[in-house]
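First comes the structure, then the notes that go with it.
Owing to the predicted nature of the structure, the values given are computational and were not obtained by experimental measurement.
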Amino acid sequence: QVRLVESGGGLVQPGGSLTLSCTAPGWNMENFAIGWFRQAPGKEREGVASIAAERTFYADSVKGRFTISRDKSKNTVILQMNSLKPEDTGVYYCASDSWRYGLVGENYEDWGQGTSVTVSS
């Protein structure tokens, strides 16, 4: 089982930016597809972005604002979030799978504990 650790959440004003990181100590992240998901209070979990090899996938709600990438030197997957909106508020989770990818949560085997993002003035 891969242990995933997210970091970088916090409180930001609308229009601001945050950078989330996902790492897996002891594992080479390049061997996995990584997905970022979020869950807002009272809502279902939704896929936000995914990276498989060098292919990337985004939910329509974040296209043009969020960027997922790999920092191979740090064995980390980054989710750069710009132009944040209040509706981006939620707990953000990263997930990994050695075979499947995309924005469907059921595709992923291992999950982190999440990091909270609040977009509010």
Side-chain angles (χ1 to χ4, degrees):
Q1 186 175 9
V2 179
R3 183 174 74 92
L4 297 166
V5 180
E6 304 97 334
S7 62
L11 172 64
V12 64
Q13 291 187 342
S17 298
L18 279 176
T19 304
L20 305 185
S21 298
C22 173
T23 191
W27 296 86
N28 185 348
M29 296 283 280
E30 293 183 57
N31 293 336
F32 300 94
I34 301 296
W36 281 99
F37 296 81
R38 68 186 179 192
Q39 187 163 22
K43 295 187 176 182
E44 292 187 355
R45 183 183 62 198
E46 62 172 335
V48 173
S50 171
I51 186 165
E54 299 306 318
R55 297 176 63 192
T56 57
F57 307 86
Y58 297 95
D60 288 343
S61 60
V62 306
K63 281 181 182 176
R65 300 189 297 122
F66 290 13
T67 303
I68 188 170
S69 62
R70 297 184 187 271
D71 184 335
K72 296 178 182 179
S73 67
K74 296 181 180 179
N75 193 38
T76 298
V77 171
I78 303 295
L79 184 67
Q80 177 64 44
M81 307 188 296
N82 299 327
S83 303
L84 283 162
K85 305 175 181 180
E87 51 264 42
D88 294 318
T89 294
V91 178
Y92 282 68
Y93 302 88
C94 70
S96 70
D97 198 273
S98 58
W99 179 249
R100 296 171 294 183
Y101 57 92
L103 301 179
V104 177
E106 286 72 18
N107 286 356
Y108 294 86
E109 181 172 1
D110 295 300
W111 292 78
Q113 295 299 307
T115 185
S116 181
V117 171
T118 302
V119 184
S120 175
S121 56

What donor-acceptor contacts under 3.5 angstrom involve side-chain atoms of residues 100-107, with partners at least two apart or in another chain?
unit_1, atom_1, unit_2, atom_2, d
R100, NE, N107, O, 3.2
Y101, OH, R55, NH1, 3.2
N107, ND2, Y101, O, 2.6

Would V91 and V62 show up in the same hydrophobic cluster when neighbours are defined by side-chain heavy atoms closer than 4.5 Å? no
State plainly whether one hydrophobic cluster holds both Y108 and I78, where clusters connect Ile, Leu, Val, Met, Phe, Trp and Tyr through side-chain heavy atoms under 4.5 angstrom apart. no
Tell me the closest heavy-atom pair linking [X] and [Y], and the distance in Å.
{"X": "L4", "Y": "A24", "value": "CD2-CB, 3.8 Å"}
{"X": "P14", "Y": "S121", "value": "CD-N, 3.7 Å"}
{"X": "Y93", "Y": "G112", "value": "CD2-O, 3.6 Å"}
{"X": "S17", "Y": "N82", "value": "OG-OD1, 2.9 Å"}

Could you tabulate the donor-acceptor pairs under 3.5 Å formed by side-chain atoms of residues 31-43, not counting sequence neighbours?
unit_1, atom_1, unit_2, atom_2, d
R38, NE, E46, OE2, 2.7
R38, NH1, D88, OD1, 2.8
R38, NH1, Y92, OH, 2.9
R38, NH2, E46, OE2, 3.1
Q39, NE2, K43, O, 3.1

side-chain contact (heavy atoms from CB on, under 4.5 Å) assessment of M81 paired with V12: CA-CA 11 Å; M81 307 188 296; V12 64; over 6 Å; no
As an exercise, state the distance from [atom1] of [X] to [atom2] of [Y], rounded to the nearest 0.5 Å.
{"X": "L18", "Y": "T115", "atom1": "CG", "atom2": "OG1", "result": "8.5 Å"}
{"X": "S120", "Y": "L84", "atom1": "OG", "atom2": "CG", "result": "12.0 Å"}
{"X": "K72", "Y": "E30", "atom1": "NZ", "atom2": "CD", "result": "4.5 Å"}

Looking at S21, P25, C22, which hits side-chain contact (heavy atoms from CB on, under 4.5 Å) with V5? P25
Sidechain-backbone polar pair: [X] side chain, [Y] backbone, donor-acceptor under 3.5 Å:
{"X": "R3", "Y": "D110", "answer": "no"}
{"X": "N75", "Y": "M29", "answer": "yes"}
{"X": "D97", "Y": "E109", "answer": "yes"}
{"X": "Y58", "Y": "I68", "answer": "yes"}

Run the side-chain contact (heavy atoms from CB on, under 4.5 Å) check on E6 and L20 step by step: do they pass? CA-CA 7 Å; E6 304 97 334; L20 305 185; over 6 Å; no
Does CD belonging to E87 count more than 12 external heavy atoms closer than 6.0 Å? yes
Pair T19, Q80: side-chain N/O donor-acceptor within cut-off below 3.5 Å: yes
